[in-house]
Novice: 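Below you'll find the structure I mean.
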Amino acid sequence: MNFRRIFLVNCLLLLFPSVKCAVTKWIYVAVNDSVVLSVAAAGSIHEVTWLRDKKLLQIKDGKIKYYVNKDECRCKILLNGTLQIQQLMKSDGGKYAVLVYDRDGKLKAEEDIMLIVQEPVPQPNLRVDCINKSVLVTCEGKQKTEDHMFMIEVMQDKIKKIQKNATKVEFHTRYSGTFRCVLKNQVSEKTAEKKIKCSGQLDLYLILSIVGGVIFVVFMILLIYCIRKKRTERLEEDDEERMKQIRQVDTEMMVRELPQPPSNPPVKQPRVQQRPLPQPQMQQQAVPPRPRPRTQQQTPNRTRERP
């Protein structure tokens, strides 16, 4: 640490307690825009003087005094000491100083402001080439600015490459997808975006989506199988319970339908012989008997007498 500098600052603060230390501000403004440089001083302001290498203008007791050509300066001072510059050009950039005095002529505040006037960034040109299953991304500005004070960002999903104060940047990757090129500085920002898919190359998100889809289908199949199995088991249990109830009802019905033995035996009734019905007359006439064949009486064989 530089103890001599610290000791010198402390001595100045002790000798001049009413004087504020110089503070430097950085203000960035685009070309052709307007800017307002304010004064940070407490209490009433009697005199304010703005300088840029030399005096520009002054306000004292409400009276404004120009030390430069008003038209060339394109600037004016307000009653509260604020400096306003319109239609800024690159040449308006630089260090501005402001001094604030009270009525006794003592310095109340001193401040330095660095004004940076920048040109808007050009529109980026994004080019994507597929080379040997890899992707080459090139981002560059179509036109160059004088100071080249802008930053290039090339992004692909969560991958990012940043390069400052350059007009061209290249980006290599193995994955396809959406590429975005951003050119920006403190006053402007422009973007170019392209969605590229190289042939013969599967995107990481596509692979993940396919795997996720397969897992989902397998899960649904297992879920349906488990539901059907559970339902089948439940139906079988219901069928068994229903069969038990049916058997129980059948058993009760059989017990109710069995015949009971009679208390008194039945009396046997005498059987009445029924006479045969009278047959018709044709059937009552007897048929005459047929003649029997006569049997011939055999004569005894006589023995022949010998002569």
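This one's a predicted model, so the numbers in the text were calculated from it and none came from an experiment.
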Novice: If we only count heavy atoms from C-beta on, is the Pro122 to Leu183 side-chain gap below 4.5 Å?
Specialist: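 Of all side-chain heavy-atom pairs linking Leu183 with Pro122, at least one is under 4.5 Å.
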
Novice: Charged N to carboxylate O under 4.0 angstrom, Lys90 versus Glu119?
Specialist: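 Salt bridge: no.
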
Novice: Minimum heavy-atom separation for Cys73 to Val68, with atom names?
Specialist: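 Closest heavy-atom pair between Cys73 and Val68: CB-CG2, 3.8 Å.
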
Novice: Mark yes or no for whether Glu47, through its side chain, and Leu99, through its backbone, hold a donor-acceptor pair below 3.5 Å.
Specialist: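 No, the answer is negative, given that no donor and acceptor are paired below the 3.5 Å cut-off.
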
Novice: Can you confirm whether Lys25 sits close enough to Glu111 that some side-chain heavy atom of one is under 4.5 Å from a side-chain heavy atom of the other?
Specialist: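 With C-beta onward as the side chain, the pair touches.
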
Novice: Compute whether any side-chain donor of one residue and acceptor of the other, for Thr49 and Gln58, lie under 3.5 angstrom apart.
Specialist: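 There is such a pair between these side chains.
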
Novice: Do Ile27 and Met114 have side chains that get closer than 4.5 Å, going by heavy atoms?
Specialist: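 With C-beta onward as the side chain, the pair stays apart.
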
Novice: Compare every heavy atom of Leu88 with every heavy atom of Val117, then report the nearest pair and how far apart it is.
Specialist: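 Result for this residue pair: CG1-CB, 4.3 Å.
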
Novice: Does CG belonging to Leu235 count more than 12 external heavy atoms closer than 6.0 Å?
Specialist: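 Enclosed.
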
Novice: Could you tell me whether the side chain of Val98 reaches within less than 4.5 Å of the side chain of Leu83, counting heavy atoms only?
Specialist: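 A side-chain contact is absent here, since even the closest heavy-atom pair is not under 4.5 Å.
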
Novice: Do Asn185 and Gln118 meet the criterion of a side-chain donor-acceptor pair at a distance under 3.5 Å?
Specialist: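 Checked: Asn185/Gln118 side chains pair up, N/O donor to acceptor below 3.5 Å.
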
Novice: Is the side chain of Arg74 donor-acceptor paired with the backbone N or O of Gln86 at a distance under 3.5 Å, no angle test?
Specialist: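 Flag set: sc Arg74 to bb Gln86 pair under 3.5 Å.
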
Novice: Flag the pair Asp129 and Arg127 as a salt bridge only when some basic side-chain nitrogen lies within less than 4.0 angstrom of an acidic carboxylate oxygen.
Specialist: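 Salt bridge flag = yes for Arg127 with Asp129.
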
Novice: Is there a donor-acceptor contact under 3.5 Å from the side chain of Trp50 to the main chain of Lys76?
Specialist: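 No.
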
Novice: Could you tell me if the side chain of Tyr66 sits less than 4.5 Å from the side chain of Leu56, heavy atoms only?
Specialist: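 A side-chain contact is absent here, since even the closest heavy-atom pair is not under 4.5 Å.
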
Novice: Is it true that atom CD of Glu233 has more than 12 heavy atoms of other residues, nucleotides or ligands lying nearer than 6.0 Å?
Specialist: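 More than 12 within 6.0 Å, yes.
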
Novice: Taking all non-hydrogen atoms of both residues, which atom of Thr82 and which atom of Leu37 are closest, and how far apart?
Specialist: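 The pair with the smallest heavy-atom distance is CG2-O, 3.3 Å.
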
